[in-house]
Amino acid sequence: MFDIKWIRANTEAFDTALSRRKGITTRSADLLAIDDRRRDIIVRLNEAQEKRNALSKQIGQAKAQKDEAKAAELMAEVARLKDTIPAGEAEERAVELELRNALSVLPNIAFDDVPDGTDEAGNVEYFGRNGSPETAAKVRAPRPSFAFAPKEHYEVGVAANGNMDFEIAAKLSGSRFVVLKGEVARLERALGQFMLDLHTNEHGYLEVQPPLLVKDDALFGTNQLPKFEDDLFFAPHGDGRLALIPTAEVPLTNMVRESILSEEELPLRLTALTPCFRSEAGSAGRDTRGMLRQHQFNKVEMVSITTPETSTDEHERMLTCAETVLQKLGLHYRVMNLCTGDLGFGAKKTYDLEVWLPGQDTYREISSVSVCGDFQARRMDARYRPSGEKQAPRFVHTLNGSGTAVGRCLIAVLENYQQEDGSVLVPDVLQPYMGGLKSIGGR
RNA sequence: GGAGAGGUGGCAGAGUGGUCGAAUGCACCGCACUCGAAAUGCGGCGUGGGGGUGACUCCACCGUGAGUUCGAAUCUCACCCUCUCCGCCA
């Protein structure tokens, strides 16, 4: 969410930046008109309150001096303000809500180095700071070659023979659910454990087990509300409701909401392995086969809370953390710098990791790493106090990234490591998590 | 679910109708003392929003929301949360 004062001081920059965003017609003038009304109301209200306060103080003094006549006279004077103050307060609340509502539906503005574009076709491949296709090729696994036609993940023998069961899942829960069994279930677990261990042991993230049900306020903080309510599952609770988290970004990021951290605590790096729940409204017909797009999936999430000065560096660092997962798994992938048309609501810049799926003969998103600036911090009221000289609190910057989507990573392993006989080789780094198994689904 | 206690500034903790945005302690910052540090002394130190070129000034905020009152941290009501005990339970 934007700072109206900043908009007022930077109308042109704001309008130019916002016009890069798809389908947004709001401009600074619309917002400043609301703010002008707000200020008018505040000025009038404050004057009335000041008068009331001054008179009330005099009443107290008059009563202390036992001057009842004067007190009565003053009370009559205050009485004339009686209606204007509550009315003014109601007006102020209304216009402040109006401004907040107008601001809260506006997407973040993109960094200058985010490419323009209307959809994913406008995304630009990224090879890291000072990177190139050559430097990337040194650390990334090459695209695998097959002596046979590689199958899609749900067709690979070890999965197709009942260990990835969509029929049973449909009986339990309907479409877009899956039941994993046996070695495939274990592989899913191994992937999650591997990623979590990597980020906690080598990347400095703190492991967190957050609630999977959250309040509306938390969802507002990380931009799911008010605009993306349809993507969520809700559970009734008391007179209200709780939402099943669509990503651990929600609880992890909101852990700092309504607080003032000390600068020494930053950067705060949090990670969690959780199920994620998405209703996938509007995705009817997309990716209906296999477990690419499910209502429930596991994901390892990384969240960083930083100072404004360090957030862009942290973004590159977080990208590297996510890439390391795929590098260690020996999976081929590419990184895309998302264009303005594909950028998420709260992001200033996003890198997508797209893993190679030989069965689909295409790249598919497996991780999304975003820097949000102070956009979410304003919504959450999450600040930090700079160290050193006495300084006012400032909003933190927030970042989030998948490290990575476990379900999709399972797909990638099945497709990339499949053998002609339907078995799947276990990547070296996963073998300790698989009791030393080098292959699954073999005879 | 039942009973009781409580929610005040970064933390602890006073404050039960007016001069309280709020004592005191800790933490923090500055200065003094010191070779330096500790200790000590002095001073400073909440957040947000208006107005003013500025010095400055006004308003709001003591869990949240309503209410009583000329005036509410303080009184009333509802709700939320935390803690203790009991019950139930993975």
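Predicted, not measured: the structure shown is a model, and the values here were computed from it. Here is the naming used below: chain letters follow the sequence lines, and residue numbers restart at 1 for every chain.
Taking the charged nitrogens against the carboxylate oxygens, Asp35(A) and Arg39(A) do have a contact shorter than 4.0 Å, which makes a salt bridge. A salt bridge links Arg8(A) with Asp36(A): at least one charged nitrogen is closer than 4.0 Å to a carboxylate oxygen. The pair Lys171(A)-Asp165(A) does not meet the salt-bridge criterion, since no charged nitrogen lies less than 4.0 angstrom from a carboxylate oxygen. Ion pairing between Arg364(A) and Glu152(A) fails under the 4.0 Å rule for side-chain N and carboxylate O.
Going from atom OH of Tyr384(A) over to atom P of rG46(B) covers 19 Å, rounded to whole Å. Distance Glu264(A) CD to rA27(B) C1': 13 Å, rounded to the nearest Å. When rounded to the nearest whole Å, the span between CG of Leu242(A) and C1' of rC80(B) equals 13 Å. We find that CD1 of Ile59(A) is positioned 14 Å from P of rG18(B), with the value rounded to whole Å. Here the C1' atom of nucleotide rG71(B) and the CE atom of Met75(A) are 9 Å apart, to the nearest Å. With rounding to whole Å, Arg100(A) atom CZ is found 13 Å from rG49(B) atom P.
rA60(B) and rG71(B) have their P atoms separated by 12 Å, with the value rounded to a whole Å. With both ends at atom C1', the span from rC26(B) to rC45(B) equals 13 Å, rounded to whole Å. Nucleotides rC80(B) and rU64(B), compared at atom C1', are 7 Å apart to the nearest Å.
In this structure, the nucleotide among rG51(B), rG18(B), rG49(B) sitting nearest to the side chain of Ile42(A) is rG49(B). Which of rG51(B), rG46(B), rC70(B) sits closest to the side chain of Val43(A) comes down to rG51(B). When distances run from any side-chain atom of Val78(A) to the nucleotides rC70(B), rG48(B), rG46(B), the shortest one goes to rC70(B). Here the side chain of Pro393(A) is nearest to one of rC70(B), rU47(B), rA66(B), namely rU47(B).
In this model, no donor atom of one side chain and acceptor atom of the other lie less than 3.5 Å apart for Gln58(A) and Glu77(A). Remark: the Glu314(A) side chain and the Ser304(A) side chain contain an N/O donor-acceptor pair separated by less than 3.5 Å. Side-chain contact check for Thr324(A) and Gln327(A): no donor-acceptor pair (N or O, by modelled atom type) lies under 3.5 Å.
In this structure, Glu96(A) and Leu55(A) both approach RNA chain B, and ranking their closest nucleotides by distance from the 5' end singles out Glu96(A). Residue-to-nucleotide proximity on RNA chain B shows that, of Asp381(A) and Ala79(A), the 5′-proximal contact is made by Asp381(A).
Across all strands, Arg44(A) comes closer than 4.0 Å to no nucleic acid atom at all (heavy-atom distances). Residue-level contact check: Lys215(A) touches neither bases nor backbone, having no heavy atom under 4.0 Å from any strand.
Look at Arg385(A) and you won't find any side-chain N or O under 4.0 angstrom from OP1 or OP2 of rC45(B). Contact annotation: Arg38(A) reaches the phosphate of rG50(B) (side-chain N/O to OP1 or OP2, under 4.0 Å).
Atom NZ of Lys328(A) has 12 or fewer neighbouring heavy atoms from other residues, nucleotides or ligands inside a 6.0 Å radius.
Figure legend. rC70(B) is base-paired to rG18(B); pairs are counted as Watson-Crick or G-U wobble with both atom distances under 3.5 Å. Using N1 to N3 plus N6-O4 or O6-N4 for Watson-Crick, or N1-O2 and O6-N3 for G-U wobble, each under 3.5 Å, rG54(B) pairs with nothing. Across the strands present, rA5(B) finds its partner in rU82(B); the criterion is a Watson-Crick or G-U wobble pair with both atom distances under 3.5 angstrom. With a 3.5 Å ceiling on both atom-pair distances, the Watson-Crick or G-U wobble partner of rC28(B) is rG44(B). Nucleotide rA37(B) forms no Watson-Crick or G-U wobble pair with any nucleotide shown, as no partner meets the under 3.5 Å limit on both distances.
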Got a list of protein N/O to nucleotides 59-61 of chain B N/O distances below 3.5 Å?
from, atom 1, to, atom 2, distance (Å)
rC59(B), OP1, Asn53(A), ND2, 3.2
rC59(B), O3', Gln49(A), OE1, 3.4
rC59(B), O2', Asn46(A), OD1, 3.2
rC59(B), O2', Gln49(A), OE1, 2.6
rA60(B), OP1, Arg52(A), NH2, 3.0
rA60(B), OP2, Asn53(A), ND2, 3.4

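For the pair Ala248(A) and Pro251(A), the tightest heavy-atom approach, listed with the atom from each and the gap, is O-CD, 3.2 Å.
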